[in-house]
Amino acid sequence: MTVHIGAKPGDIAPTVLMPGDPYRAKWAAETFLTDAKLVNEVRGMLGYTGTWNGHPVTIQGSGMGMPSLSIYANELMTDYDAQTLIRIGSCGGMQPHVGIRDVIIAMTATTITSPSSGIFREINFAPCADYGLLSAAVNAAAGRATKTHVGGIYSSDVFYAERPDLDEEMVRHGILGVEMEAAELYTLAARHGRRALAVLTVSDHLQTGEALPSEDRERSFGDMVEIALEAAFTE
Ligand code: HPA
């Protein structure tokens, strides 16, 4: 047990998928895992462990934003020895060629600040995905009907942004989408020598204003979960 995770030692698998929404953790565990059992419900941040194709997998909610994800990812890495951590979540599309329902595999994650900014001081650290996971995810996405993009994303501190100029700079520099967690996950993985990746579904679009209707969400999010699981267990 840790401060924020009630699971017993051994209840957390070496491979952890991390959606922001605890109810998405429940849905993904019930939909994709065999014999999923609830291993954490501290603060309602649900976590489940089961198997996928015989491999043990935990799906643990991270909450929204980097400070929340940082708590869960730190405890998963240092107290439960999680080795492979894949964020599965939604993002806002930032380029005209990125459509809603598309999947983004995040090679890098740009930030203004993150919970790790304090330790880097004058350094602009470049949080990046694990290359093996990234290339396995690209292969897992190939041949699916869902369009996939690979590139940089922006991990913002705010959902309700008051600085449209920042979004414009991200768009101008080719950033594919905006979310609020991946940069800190990549940074913690680098610090602790673990593998990390973010596989995201575009749920809304900053330029077109389109948003995924709630009834479409499960079907679209399914591809993202399958890509993450296949990538995690590609040798
Ligand atoms: N901004 C930040 N995070 C998000 C968004 C967004 O537009 N959509 C989904 N996650």
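Whatever order the structure lists ligands and atoms in, that order sets their numbers, starting from 1.
- A salt bridge between Lys37 and Asp11 is present, with a side-chain N of the basic residue lying under 4.0 Å from a carboxylate O of the acidic one.
- Residue Leu206 has at least one heavy-atom neighbour below 4.0 Å for each of these atoms of ligand 1: 7 (O).
- At a 4.0 Å cut-off, at least one heavy atom of Cys91 sits close enough to ligand 1 to count as contact.
- Taking distance alone, with nitrogen or oxygen atoms compared against 3.5 Å, Met180 stays at or beyond that limit from ligand 1.
- For Arg172, the salt bridge (Lys or Arg N to Asp or Glu O under 4.0 Å) partners at least two apart in sequence or on another chain are Glu169.
- The ligand atoms of ligand 1 that sit less than 4.0 angstrom from a heavy atom of Ser203 are 9 (C).
- When only non-hydrogen protein atoms are considered, atom 1 (N) of ligand 1 lies nearest to Val178 CG1, 3.7 Å.
- Against a heavy-atom cut-off of under 4.0 Å, Gly92 is close to the following atoms of ligand 1: 5 (C), 7 (O), 8 (N), 9 (C).
- In terms of protein heavy-atom proximity, atom 2 (C) of ligand 1 is closest to Phe159 CD1, 3.7 Å.
- In summary, the side chains of Thr208 and Glu210 do present a donor paired with an acceptor at a separation below 3.5 Å, with no hydrogens or angles considered.
- Atom 10 (N) of ligand 1 has Ser90 O, 3.6 Å as its closest protein atom, hydrogens excluded (heavy atom only).
- Among all non-hydrogen protein atoms, the one lying nearest atom 8 (N) of ligand 1 is Asp204 OD2, 2.9 Å.
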* To do: Could you please spell out the steps behind the ring-ring contact (aromatic ring centres under 6.0 Å, His included) verdict for Phe32 and Trp27?
  => CA-CA 8 Å; Phe32 295 97; Trp27 166 78; 5.8 Å; yes
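- Heavy-atom contacts from other residues, nucleotides or ligands closer than 6.0 Å to CG of Asp165 number more than 12.
- Side chains of Asn74 and Ser70: a donor on one and an acceptor on the other come within 3.5 Å.
- Distance alone, capped at 3.5 Å, is enough to place a donor-acceptor pair between the Gln95 side chain and the Ile175 backbone.
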